[in-house]
Amino acid sequence: MDRLDSMRIFVAVAEAGGFAPAARRLALSPPAVTRAIAAVEERIGARLLHRTTRVVRLTEAGTRFLEDCRRILAEVEEAEAAAAGLHAEPRGPVAVTAPVLFGRLHVAPVLFRVAGRYPRLVVRSFFIDRIVHLAEEGYDVAVRIAELPDSGLSAVRVGTVRRIVCASPAYLAAHGTPRSPADLAEHEAIPFIRGPSTRDWMFHQGGRTETAEPRTRLIVNHADVAVAAAVAGHGLTRVLSYQAAAEIRAGLLQVVLQDYEPPPIPIQVVHQEGRRASARVRALVDMLAEGLRADPTLR
């Protein structure tokens, strides 16, 4: 039995949760399935499945091997489809990562459309506020809000966001509207900080950089909380424009100090595969680019 057949049997056992149901699915005898799994484990030198009389469960090594098997088998199917002239239909697993709030607001709606358009794709999303290493962590595509270093990744620029200062109209009516960064010394601020970041706010104008340190009594580590606090009138906050876009549209927040904003930050869809990207990766990248470029809040 070759390795691809062994992988298919292992995937069937993992998905079916047992040797007998996998054997029925594959039209094989249960002993043949058992021998195939034993041969794979012996070749790899690691146990892939915990076996009991009632259930079969994946080990940690088995979980990783299952993801790799699914990816490899999907790539083999794509290669066969390409040779047969059927490459137009993406299929198989594809994984994407993005920042949490941006993913929920802007990436998830695109993924819903991807699932509707390509029924043979299996899309896995992972929204987290840190840089995910695509190759090491098993992801195909990432949406990143940053200038990218020369990392060897292929990047498609799909929009920009601004770093804005905003407050509720009621707060500004009561305390005045700051006209320059120096005015912030007289205002309450709600810093949005992760880790050991400084509370200083940096501003730019005419090639010069200016630093301001507003008064702070409320410090938060998530943009949602900073925006909610600003809407409630607790002071000015500084977030990325998409994080407060809904509240600004609704008139709950007002942007100030626009003349001092730093340059816009690019939004980029990145992947590893370059021009040789598989059909499933190309389909996801293309739909993300189309959906994000069409969003007026990301310009």
Side-chain angles (χ1 to χ4, degrees), residues 96-114 116-117 123 125 127-132 141-151 153-169 172 177-179 181 190 192 194 201-210 222-228 230-231 236-271 277 281-299:
V96 59
T97 180
V100 175
L101 185 57
F102 191 87
R104 179 170 64 81
L105 294 178
H106 299 285
V107 175
V110 177
L111 299 185
F112 301 156
R113 294 197 293 274
V114 170
R117 182 177 298 182
V123 182
S125 63
F127 298 154
I128 189 169
D129 290 326
R130 66 168 174 82
I131 297 296
V132 172
V141 179
V143 179
R144 292 186 175 160
I145 304 173
E147 294 284 358
L148 296 179
D150 185 10
S151 62
L153 295 173
S154 297
V156 179
R157 185 163 171 152
V158 296
T160 60
V161 294
R162 296 153 42 221
R163 197 174 295 279
I164 61 171
V165 177
C166 54
S168 70
L172 296 174
T177 299
R179 304 297 178 186
I190 308 152
F192 162 37
R194 286 201 182 92
W201 290 354
M202 304 291 292
F203 296 91
H204 301 259
Q205 190 184 54
R208 294 184 299 107
T209 299
E210 188 172 346
H222 203 284
D224 277 349
V225 181
V227 168
V231 169
L236 297 131
T237 194
R238 194 180 200 210
V239 293
L240 296 179
S241 52
Y242 80 88
Q243 295 169 333
E247 289 77 9
I248 292 168
R249 284 196 305 268
L252 300 174
L253 291 177
Q254 180 178 328
V255 179
V256 300
L257 300 176
Q258 290 172 283
D259 292 340
Y260 295 89
E261 290 176 5
I265 305 167
I267 307 166
Q268 311 200 58
V269 178
V270 302
H271 64 96
V281 169
R282 287 200 309 271
L284 181 56
V285 170
D286 289 348
M287 287 199 68
L288 283 169
E290 177 187 344
L292 297 177
R293 285 172 175 163
D295 192 326
T297 65
L298 304 179
R299 298 174 188 168

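Atoms considered below: every heavy atom in the structure, side chains included; atoms not considered: hydrogens, waters and symmetry mates.
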**OP:** From the options Thr237, Val255, Val256, select the one residue that forms a side-chain contact (heavy atoms from CB on, under 4.5 Å) with Val165.
**Re:** Val256
Subject >> Pairing residues for Gln243 by the side chain to side chain donor-acceptor pair (under 3.5 Å) criterion, not counting sequence neighbours >> reply: none
**OP:** Would you please test Val161 and Leu298 for side-chain contact (heavy atoms from CB on, under 4.5 Å) and show each step?
**Re:** CA-CA 6 Å; Val161 294; Leu298 304 179; 4.2 Å; yes
Can you name the closest pair of heavy atoms from [X] and [Y] and give their distance?
{"X": "Ala223", "Y": "Phe192", "value": "N-CE1, 3.4 Å"}
{"X": "Ala230", "Y": "Cys166", "value": "CB-O, 4.5 Å"}
{"X": "Val270", "Y": "Ala155", "value": "CG1-CB, 3.8 Å"}
{"X": "Arg163", "Y": "Glu261", "value": "O-CG, 3.7 Å"}
{"X": "Ile164", "Y": "Ser241", "value": "CD1-CA, 3.9 Å"}
{"X": "Val143", "Y": "Val107", "value": "CG2-CG2, 4.0 Å"}

If I take atom [atom1] from residue [X] and atom [atom2] from residue [Y], how far apart are they, to the nearest 0.5 angstrom?
{"X": "Leu236", "Y": "Gln254", "atom1": "CG", "atom2": "CD", "answer": "10.5 Å"}
{"X": "Phe102", "Y": "Ile145", "atom1": "CZ", "atom2": "CD1", "answer": "5.0 Å"}
{"X": "Arg113", "Y": "Met287", "atom1": "CZ", "atom2": "CE", "answer": "6.0 Å"}

**OP:** Evaluate the side-chain contact (heavy atoms from CB on, under 4.5 Å) criterion for residues Val156 and Arg293: first the C-alpha distance (whole Å), next the side-chain angles of each, then the deciding distance (0.1 Å), finally the verdict.
**Re:** CA-CA 11 Å; Val156 179; Arg293 285 172 175 163; 3.3 Å; yes
Subject >> N-O pairing of Arg104 and Asp224 below 4.0 Å >> reply: yes
Original post:
Would Leu153 and Arg144 satisfy side-chain contact (heavy atoms from CB on, under 4.5 Å), going step by step from the backbone distance to the final call?
Top reply: CA-CA 12 Å; Leu153 295 173; Arg144 292 186 175 160; 3.6 Å; yes
Subject >> Exceeds 12 heavy-atom contacts within 6.0 angstrom, atom CZ of Arg208 >> reply: no
Original post:
Residues two or more places apart in sequence or in another chain: which of them pass salt bridge (charged side-chain N to carboxylate O under 4.0 Å, His left out) with Asp259?
Top reply: none
**OP:** For Leu111 and Leu284, run side-chain contact (heavy atoms from CB on, under 4.5 Å): C-alpha distance rounded to whole Å, both residues' side-chain angles, the deciding distance at 0.1 Å, then the answer.
**Re:** CA-CA 8 Å; Leu111 299 185; Leu284 181 56; 3.7 Å; yes
**OP:** Can you label the angle between the Tyr242 ring and the His106 ring as parallel, tilted or perpendicular, going by 30° and 60°?
**Re:** perpendicular
Original post:
Taking C-beta and beyond as the side chain, do Ser168 and Val231 meet within less than 4.5 Å on heavy atoms?
Top reply: no
Subject >> Any donor-acceptor pair under 3.5 Å from Gln268 side chain to Ala146 backbone >> reply: yes
